[in-house]
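One structure is given below, encoded as structure tokens.
Predicted model, so just to flag it, every value in this text is computed and none were measured.
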Amino acid sequence: MRHGRRMTALAAVSAVAALALAGCGRGGGTESGTSGAASGDAGSSTTITWWHNSNSDPGKAYYEQVAKDFEAEHPGVTIEISAMQHEDMLTKLEAAFQSGDMPDVYMERGGGELADHVAAGLTKDLTDPAADVIETLGGNVSGFQVDGHTYALPFSMGVVGFWYNKSLFEQGGITTPPTTMAELDSAIDALKAADITPISVGAGDKWPAAHYWYYFALRQCSEQVLTDAVTSHDFSDACFERAGEDLQALVQKEPFNPGFLTTPAQTGATSASGLLATGKVAMELAGHWEPGVMQGLTEDNQGLGDDTGWFAFPSVEGGQGDPAAALGGGDAWAVSQNAPDEAVEFAKYLLSDKVQQGFAENSMGLPTNPAATGAVGDPVLADLLTVRDDAPYVQLYFDTAFGTAIGGAMNDEIALLFAGQATPQDIVDATQAAADAE
């Protein structure tokens with residue numbers, strides 16, 4: 001569900017934005033007749049293109065029904081859905097940003113990435129037309145604002161942690177989830193001794209590997225250092241190199257699945273999520289989307305079922321970060337700049353009480369509409385709502401927070417460290433070089 005492949009650089013996006021604003025791309029929406037299709041005026045028709053990454057049931061079927069319900073309430077409007085595997089969607093979105101031929105409603109992740117798209121004139125300002133929804137969502141919209149204006153409506157906000165197979169932990173003699181890195185090291189050793197692969201990671205898609213460095217930085221660095229870095233782009237604090245040293249030590253323990261350097265994140269039974277869902281590994285570091293992804297990767301659509309467990313990323317001895325701080329973020333619905341007005345109405349509809357409640361009931365993520373929080377069906381996801389809301393702060397994924405160029409350079413170098421081809425200092429140097437080049 002999340003994340004990962006970096007989008008095009010601002011310079012490239014800006015170049016195509018001029019074309020888009022000149023009329024080369026109005027989004028996927030098409031209209032005929034007069035305006036007012038949402039009111040059912042005779043002779044009016046509007047097609048809205050919608051891209052999302054719920055490409056397996058129950059999410060895929062649920063979103064198809066949501067589109068049909070909206071069409072029924074808005075005569076003359078047709079929703080044209082493209083449900084894609086996450087990495088495929090990101091690749092196609094990257095191409096769409098470059099060409100200016102964008103879907104009308106699509107997923108944004110906030111932070112520096114969204115700011116790039118706003119600066120390029122690709123994303124519609126929803127501050128006024130969605131004011132009622134924005135008020136309902138409250139502080140959840142803060143990560144999707146630029147200069148006080150809201151450009152996307154977050155529909156799922158959560159945190160990253162370790163998802164694990166309770167039965168495999170029991171087979172390895174692990175009675176309680178690790179809370180410190182020393183305990184995680186011991187758990188890895190115990191699982192190996194029981195001939196169980198401890199952890200899967202989809203390093204082939206880079207961002208799952210990058211999450212480890214992000215979390216080690218979150219544990220090593222103080223909140224102030226991380227907050228300052230987002231605006232100053234200064235990575236000189238020694239905590240960033242220590243994060244790489246922690247990650248290097250973990251990689252050297254060889255806890256990961258065979259072939260992890262080319263393993264995809266979520267595509268098929270041999271992906272990192274698939275290996276966890278089918279009992280081939282004991283745990284995976286992933287976000288709140290994981291139960292829904294695993295359901296789509298098992299024949300019975302149950303994922304791990306009752307064997308599903310979750311624990312927070314362990315504390316790091318001597319780290320300056322709050323051990324209760326979490327890494328996370330969210331997904332939001334954005335509307336392309338030249339999309340028809342009905343696309344804004346559809347984006348708002350996707351945040352309605354009814355749609356968000358169904359989203360929660362189908363374990364598709366952690367809803368942002370307060371009316372849906374009680375509808376979360378999966379007990380582990382329900383617990384994550386408490387973790388999310390009780391965390392002293394939630395650090396936005398670094399590649400999203402820092403934007404395209406910096407985040408991409410960071411992720412590339414982290415992947416090289418996983419491959420034994422980069423050092424902790426190389427990650428800092430590559431990140432700083434990208435920041436200095438902006």
Side-chain angles (χ1 to χ4, degrees), residues 7-39 41 43-53 63 67 70-71 74-84 89-110 112-134 141 144-155 331-351 404:
M7 301 295 187
T8 183
L10 175 58
V13 177
S14 298
V16 301
L19 295 176
L21 295 175
C24 293
R26 69 170 309 283
T30 58
E31 297 182 80
S32 61
T34 60
S35 61
S39 301
D41 293 350
S44 298
S45 64
T46 301
T47 297
I48 298 170
T49 54
W50 177 29
W51 289 10
H52 67 72
N53 63 359
Y63 274 163
F70 184 84
E71 290 170 344
H74 297 75
V77 175
T78 299
I79 308 295
E80 186 178 284
I81 304 173
S82 292
M84 312 174 201
M89 185 191 70
L90 293 177
T91 300
K92 291 181 179 180
L93 272 176
E94 183 174 357
F97 285 126
Q98 293 185 36
S99 69
D101 185 15
M102 296 172 57
D104 294 313
V105 179
Y106 67 95
M107 288 172 57
E108 278 280 3
R109 299 179 297 178
E113 287 184 3
L114 175 60
D116 287 352
H117 302 153
V118 170
L122 298 175
T123 304
K124 191 182 292 289
D125 186 348
L126 302 177
T127 306
D128 292 332
D132 53 341
V133 176
I134 293 169
V141 303
F144 300 89
Q145 293 179 323
V146 178
D147 296 331
H149 290 252
T150 302
Y151 289 88
L153 306 177
F155 61 89
D331 294 316
W333 298 120
V335 180
S336 62
Q337 181 63 49
N338 296 307
D341 292 342
E342 291 82 1
V344 175
E345 293 306 308
F346 182 57
K348 292 167 60 177
Y349 179 73
L350 292 173
L351 270 300
T404 301

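A donor-acceptor pair under 3.5 Å is absent between the side-chain atoms of K348 and the main chain of D132, judged by distance alone. For T49 (side chain) and D104 (main-chain N/O), a donor-acceptor pair under 3.5 Å exists by modelled atom type.
With no hydrogens or angles considered, a side-chain donor-acceptor pair links E108 and H117 at under 3.5 Å. For Y106 and T123, the side-chain atoms include at least one donor-acceptor pair closer than 3.5 Å. Counting only N and O atoms by type, the side chains of Q145 and T150 include a donor and acceptor under 3.5 Å apart.
Going from atom CG of N338 over to atom CG of L122 covers 9.0 Å, rounded to the nearest 0.5 Å. Remark: E345 CD to H74 NE2 distance equals 6.0 Å, nearest 0.5 Å. With rounding to the nearest 0.5 angstrom, the CH2 atom of W51 is 5.5 Å from the CG atom of L93. With rounding to the nearest 0.5 Å, the separation of CG in D341 from OG1 in T46 is 9.0 Å. How far OG1 of T78 is from CD of E71: 5.5 Å, rounded to the nearest 0.5 Å. If you take CE on M107 and CZ on F155, they are separated by 4.5 Å, rounding to the nearest 0.5 Å.
Counting all heavy atoms, side chain and backbone alike, P154 lies closest to F144 at CB-CE1, 3.6 Å. Heavy-atom minimum distance, S336 versus P103: OG-O, 3.1 Å. Nearest heavy atoms, V146 versus A115: CG2-CA, 4.0 Å. Scanning all heavy atoms of the two residues, the minimum distance from A67 to I81 falls at CB-CD1, 3.6 Å.
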Go through it in stages, so that I can follow the logic: the residues are F346 and W333, the test is side-chain contact (heavy atoms from CB on, under 4.5 Å), and I'd like the CA-CA distance, side-chain angles, deciding distance and then a yes or no. CA-CA 10 Å; F346 182 57; W333 298 120; over 6 Å; no
Are L153 and L350 close enough, and set up right, to give a side-chain contact (heavy atoms from CB on, under 4.5 Å), and what steps lead you there? CA-CA 9 Å; L153 306 177; L350 292 173; over 6 Å; no
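Classification of the Y151-H149 ring pair by plane angle, with boundaries at 30° and 60°, yields tilted. Ring-plane geometry between Y349 and F70 is classed as tilted, the angle between the planes lying from 30 to 60 degrees on a 0 to 90 degree scale.
None of E342, K124, M102 except one satisfies the side-chain contact (heavy atoms from CB on, under 4.5 Å) rule with V335; the exception is K124.
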